[in-house]
Amino acid sequence: QVQLVESGGGLVQAGGSLRLTCEASGDTFRPYSMSWFYQAPGKVHEFVGGINWMSGTTDYSDSVKGRFTVSRDNTGGTVYLQMNNLKPEDTGVYFCTADIYYRGRGYVNRFANDVTYWGQGTQVTISS
C-alpha cells in the first residue's frame with residue numbers, strides 16, 4: 001500500500017526558510033494531485049498548496065501565496081514545499097497528501113475530505 005513520509009520540519013525564527021520533503025512509496029502510486037495541509041494547535045486541517053501530478057499546475061492558499069512553493073520530481077513520487085519568509089502563524093504540523101481520483105483537468109485538491117492518503121506529518125515551529 002501507499003505510504004507518504006514527510007521530513008524537513010524544525011524550529012526556525014520568523015523570516016527564515018525551511019524546505020519540507022514528502023516521499024511516496026508503493027508500486028501502484030498514481031496520484032492526480034498532491035497537496036500540503038497544515039494543522040495549527042486547536043485548529044482543523046487547512047489547505048496550504050498543491051500540485052497536479054501530470055501537468056505541474058500549482059495552487060496555493062491566499063495566506064502562503066508568494067511565500068511558499070510546491071514542486072515535484074519529474075521521475076518519482078516526491079514533492080517539496082519550499083517555505084520562505086516564515087511567520088509565527090505558520091506554526092503547526094504539516095501533512096503531505098495524495099488524491100488519486102480524477103476531478104477535472106489540472107485540478108489540485110484543496111479539501112481534507114477528498115484526501116486519499118495522508119502522511120503522519122512533520123512539526124514546524126516558528127519563533128518570534
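Heavy atoms only: backbone and side chains are in, while hydrogens, waters and symmetry mates are out.
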**Q** Of all the heavy-atom pairs spanning Trp118 and Thr97, show the shortest one and how long it is.
**A**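 In this case the closest contact between Trp118 and Thr97 is CE3-CG2, 3.5 Å.
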**Q** Are Ile100 and Val79 in one and the same hydrophobic cluster, where Ile, Leu, Val, Met, Phe, Trp and Tyr link if side-chain heavy atoms are under 4.5 Å apart?
**A**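 Result: yes, single cluster for both.
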**Q** Which atom names give the shortest non-hydrogen contact between Ala24 and Leu4, and what distance separates them?
**A**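 It is CB-CD2, 3.5 Å.
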**Q** What pair of heavy atoms forms the shortest contact from Val124 to Gly9, and how long is it?
**A**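 Looking at all heavy atoms of both residues, the closest pair is CG2-CA, 4.2 Å.
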**Q** Determine whether the aromatic ring centres of Tyr32 and Tyr102 lie less than 6.0 Å apart.
**A**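 Ring-ring flag for Tyr32/Tyr102: true, centres closer than 6.0 Å.
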**Q** How long is the straight-line distance from OG of Ser63 back to CD of Glu89, given to the nearest 0.5 Å?
**A**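 Nearest 0.5 Å value for the CD-OG distance: 9.5 Å.
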**Q** Hey, does the side chain of Ser55 reach the backbone of Gly106 with a donor-acceptor pair shorter than 3.5 angstrom?
**A**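 No, the answer is negative, given that no donor and acceptor are paired below the 3.5 Å cut-off.
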**Q** Going by heavy atoms in the side chains, are Thr21 and Thr78 under 4.5 Å from each other?
**A**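 Side chain of Thr21 against side chain of Thr78, heavy atoms only: contact under 4.5 Å found.
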**Q** Taking the side chain as every heavy atom from C-beta outward, state whether Val12 and Met83 have any atom pair closer than 4.5 Å.
**A**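 Counting from C-beta outward, Val12 and Met83 never come under 4.5 Å.
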**Q** Taking all non-hydrogen atoms of both residues into account, name the closest pair between Phe68 and Leu81 and its distance.
**A**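 That closest heavy-atom pairing would be CB-CD1, 4.1 Å.
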**Q** Please round to the nearest 0.5 Å and tell me the distance separating atom CG of Leu18 and atom OG1 of Thr122.
**A**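 So the CG of Leu18 and the OG1 of Thr122 are separated by 8.0 Å.
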**Q** For residues Ser17 and Asn84, report the shortest heavy-atom separation together with the two atoms involved.
**A**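 Heavy-atom minimum between the residues: OG-OD1, 2.9 Å.
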**Q** Would Tyr80 and Asp73 count as having a side-chain donor-acceptor pair, cut-off 3.5 Å?
**A**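 Indeed, the side chains of Tyr80 and Asp73 share at least one donor-acceptor pair under 3.5 Å.
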**Q** Quick one: do the Thr125 and Gln123 side chains pair a donor with an acceptor below 3.5 Å?
**A**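 The answer is yes; a qualifying pair exists.
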**Q** Between Tyr107 and Trp36, is there a shared hydrophobic cluster once you connect ILVMFWY residues whose side-chain heavy atoms come closer than 4.5 Å?
**A**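 They do not share one cluster, since no chain of ILVMFWY contacts under 4.5 Å joins Tyr107 to Trp36.
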**Q** Under 4.5 Å between any side-chain heavy atoms of Tyr60 and Thr69, yes or no?
**A**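 Side-chain contact under 4.5 Å: yes.
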**Q** Distance from Gln120 atom CD to Gln3 atom CD, nearest 0.5 Å?
**A**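 The CD atom of Gln3 is 8.0 Å from CD of Gln120, to the nearest 0.5 Å.
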**Q** Counting N and O atoms only, with roles assigned by atom type, does the side chain of Thr57 sit under 3.5 Å from a partner on the main chain of Asn52, one being a donor and the other an acceptor?
**A**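 The answer is no, because no donor-acceptor pair under 3.5 Å joins these two groups.
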**Q** Would you mind telling me which of Tyr38, Phe37, Phe95, Tyr94 makes a ring-ring contact (aromatic ring centres under 6.0 Å, His included) with His45?
**A**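 Single pass found, and it is Phe95.
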**Q** Between Glu6 (side chain only) and Cys22 (backbone N and O only), is there a donor and an acceptor less than 3.5 Å apart?
**A**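 Judged by distance alone, no pair lies under 3.5 Å.
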**Q** Restricting to non-hydrogen atoms, name the atom on Gly50 and the atom on Val70 that form the minimum distance, rounded to 0.1 Å.
**A**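 What the structure gives for the nearest pair is N-CG2, 3.9 Å.
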**Q** Return the CG to CZ distance between Leu86 and Arg67, rounded to the nearest 0.5 Å.
**A**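 Atom-to-atom, Leu86:CG and Arg67:CZ are 6.5 Å apart.
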**Q** For the atom pair NZ (Lys87) and OG (Ser128), what is the distance rounded to the nearest 0.5 Å?
**A**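 Answer for the NZ-OG pair, Lys87 versus Ser128, is 12.5 Å.
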**Q** Do Tyr101 and Thr116 come close enough that some side-chain heavy atom pair is under 4.5 Å?
**A**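 Yes, close enough: below the 4.5 Å cut-off.
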**Q** Say whether, by atom type as modelled, one donor and one acceptor occur between the side chain of Arg110 and the main chain of Phe47 under 3.5 angstrom.
**A**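 Absent.
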**Q** Quick check on the hydrophobic clustering: are Tyr117 and Leu20 connected, directly or via other members, by side-chain heavy-atom contacts under 4.5 Å?
**A**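 The answer is yes; both residues are in one hydrophobic cluster.
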